[in-house]
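Below, read A as the first sequence line, B as the second, and so on, with proteins coming before strands; counting in each chain starts at 1. Atom set for the values below is all heavy atoms of this structure, side chains included, hydrogens, waters and symmetry mates excluded.
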Amino acid sequence: MFLFRSFSSSSFLLTSYSRLSKSVSLQTLFKRGFTPTLQSINKFLIFLSRTQRFNSIIHFISQMNSNQIKGNSQTHSIFTWALLKLHKFEEAEDFMNSQMGKTSFSPNSRLFDLLIQGFCVKRNNPERALLVLKSCLRNYGTFPCSFTFCSLIYSFSYLGYMNRAVEVLELMTDQNVKYPFDNFVCSSVISGFCKIGKPELAIGFFENATGLGALRPNVVSFTALLSALCMLGRVNEVNDLVIRMENEGLIFDVIFYSSWIYGCLRDGSLLEALRKHRQMIERGIKMDVISYTILIDGFSKEGQVEKAVGILNKMIKDGLRPNLITYTAIILGFCKKGKLEEAFNVFKKVEDIGIVADEFIYATLIDGVCRRGDLDYAFHLLEEMERKGIKPTIVTYNTIINGLCKVGRTSEADEVSKGILGDVVTYSTLLHALFMVGALEDAHALYQAMSEMDLVANSVTYCTMIDGYCKLGRIEEALEIFDEFRGRNRGIAPNIVTYNSLMNTLCRQGCLVEAFRLFDSLEKIHLAPSEVTYATLIDNLCKEGFLLDAKQLLERMVLKGFNPSTRIYNFLIDGYCKLGRMEEASKFLHDLETTCLKPDEFTVSSVINGFCLKGDMEGALGQFFKFKRQGILPDFLGFLYLIRGLCTKGRMEESRSILREMLQSKTVLELINGVDSEVESESVVSLLFSLCEQGSIREAISILDEIGSILFPVRSFSTDYGSRTSNKLYECEAFTSSSKQNDSEMVENSYNVGKISQSLDFDFCYSQIASLCSKGELQKANGVLKEMLSRSNTDS
DNA sequence: GAAACGGCAC
């Protein structure tokens, strides 16, 4: 055997080894009589490690093992390192565990970093990573680096495991570790909370994290916060956020703006979304595929698919490639409008350009054909997608079930549901269908069955039940469910925002009484109403014509120390104006002005509308000029009311002069431009200008009407109440005929039918009827209906 | 390193 001294120099070993072919093994070295020292072996292994030859390290060490050459702690470290670098995390962990306490091997923190991050990121298994982290802290007393903690927090947040994310946060900020957390952590946690539907916790976290100046939020954290605010419907607060960011000198980017636009759209405001889009372009921020997709989706959902296609074309002209989501949004827009041929043309195009379809796009199409009642084609599409290997999930089945229910094929819907593992949506759909056909017992049984299947009824389920019972006149059962809904969700401890939204939903469904019952219950659970609570209730009371109640609530709100905003005053002013009660409206206008608040464009528009509805054009013009002198012009609708009113009276010159003023208003022009921000905006404005100059006022009005219907799809600005009312009348009559008479209800009638019917506002009557119907107060509804019909006969 | 987009029920 050769003497070892020959090899005491590792450089010799290295050169020998590197000169030899890759297949050269330790075995060969032994055969050639080389017996290296452990020190030289380690140096050699370090060399291999530095040259990234990790497989060779593993190979070499396994040779050492078979030759009973024992390594020391350095050898073990290099071996572990190599395993980790080769992503053999499980083996690395096993090895580290096996060495624990056996040798002097004590893995340094860098090895733990790699192991934990490996499980977390590469294996997508943060649970296992967390176990390693805990064991590391407990058994080795070594602290992985800050980024390791961050990766874990990110992964847990990404998966929505927020308990775990918080657990790591606690470990990270623990006395012994005391790592400060940065914007990476902050933004991840915020978005995690949003992901699990807890935006209020996200906001709380942001406030805590940045509260004591511990963390200066950057644009990413602010964007995450923005999303949380928007989820809570607090998109208005983003303006303050922007000011704060500007003060901090932060640079806005496309993600910030697209999140903001998304928030506006989700709030139902296309106009605001377009304003933000314009602002973004003005700031020199370029649109990308996602921001375009957000806009397209927003327009499609609001029934503006043509505009969405316009944006799509602009996007392509910008050199961007629409993706599957973009096209799905367009398809949804067409389906929503019943334009199935166009929807399928887009679908064909998607396949032609080689984009692979997925379940979303199929579910969208299936929903489209279901809404047309073509269930056969829906089943055909279902087969087609399965043929393509796209596995339908519960959402697609729910779409089919909903389609079957909508066409009255409830027993088939039931059959389909039995073949799958239904979720809360499946059962809510079936419940709705059963209520529709009046199958109360079946509905009740199904509802009971849900809990046996461990399906937790959510707010939609409860609303379906409550609404279903209400519509069938079964108020008692409805209230029972309502109480259960409250009794059930106690553990979740809904905050005031949840309550506000629920109250708003109840109001919108005409369940004002229930909304107020909820409002009254807030005190019992020590939950303070917010300004939004009052605003929501006042708004809905005014919309329903309960102006006295609205007024009292306003007083109550002031007593509680709130300062009502112009917006709240506007609700009341608008409410009185719509009923033609101009004196009361003026009183509130006066109150508004004396409380140091400024009337705004909505105030003046409501007042103008009030006078116009009464046919008092002098009054309307008087208000217009009065406010104009104060520098307050009406908004788009206010101008339109006035122009239309004057035109109806044949006062064409005055109408034209107001139109001219309208076309000089910056906000109005911005708004019109907004509608056509990408295509032919100049032409619309210039067309209006030339119509105005030609004196073609009626034509100009019809264009403005068109623009109005795009901008305010929900808000009524058309005087043609008839067509919108007829369907509701049909519904009301259907309910009325099936109702049981109840005289005592008549006696307790708190709704003054006579008063209502004196009003010329059909829209108001209609909302009364809808509200009474949904409360099951069918006789009262019938009264209003008859009054209304008799008025409509005499008026016409 | 992180923040933005899609389908079903009221």
Any ring pair (Phe, Tyr, Trp, His ring centres under 6.0 Å) pairs touching residues 379-412 of chain A, not counting sequence neighbours?
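The answer is A/Tyr377-A/His380.
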
Sort and list the pairs that fulfil ring pair (Phe, Tyr, Trp, His ring centres under 6.0 Å) and have at least one residue in residues 353-374 of chain A, not counting sequence neighbours.
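Matches after skipping sequence neighbours: A/Phe347-A/Tyr362.
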
Partners meeting side chain to side chain donor-acceptor pair (under 3.5 Å) with A/Thr399 (sequence neighbours left out):
none

Answer yes or no: does atom CZ of A/Arg216 have more than 12 heavy-atom neighbours from other residues, nucleotides or ligands under 6.0 Å?
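Count not over threshold, so no.
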
Distance in angstrom units between A/Asn398 CG and B/dC10 C1', rounded:
14 Å

Separation of B/dC8 atom P from A/Ile394 atom CD1, nearest Å, is 14 Å

At less than 4.0 Å, is any side-chain N or O atom of A/His432 found next to OP1 or OP2 of B/dA9? Yes or no.
no

Are A/Asn402 and B/dA9 close enough that a side-chain N or O sits under 4.0 Å from OP1 or OP2?
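So the side chain of A/Asn402 is within the cut-off, an N or O lying under 4.0 Å from OP1 or OP2 of B/dA9.
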
Kindly write out the residues that satisfy ring pair (Phe, Tyr, Trp, His ring centres under 6.0 Å) with [X], not counting sequence neighbours, or none if the list is empty.
| X | answer |
| --- | --- |
| A/Phe181 | A/Phe205 |
| A/Phe149 | A/Tyr179 |
| A/Phe112 | A/Tyr140 |

What side-chain donor-acceptor pairs closer than 3.5 Å can you find for residues 428-439 of chain A, not counting sequence neighbours?
from: A/Ser428; atom 1: OG; to: A/Val424; atom 2: O; distance (Å): 2.7
from: A/Ser428; atom 1: OG; to: A/Thr461; atom 2: OG1; distance (Å): 3.1
from: A/Thr429; atom 1: OG1; to: A/Val425; atom 2: O; distance (Å): 2.6

Using a 4.0 Å cut-off on protein heavy atoms (strictly under), produce a 5'-to-3' string for nucleotides 2-7 of chain B with B for base contact, S for backbone-only sugar-phosphate contact, and - for none.
BBBBBB

Answer with base, sugar-phosphate or nothing: what part of the nucleic acid does A/Cys150 contact at a heavy-atom distance below 4.0 Å?
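It contacts base atoms.
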
Near DNA chain B, counting only heavy atoms under 4.0 Å, which residues of residues 417-425 of chain A show up?
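Nucleic-acid contacts, sorted: A/Val425.
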
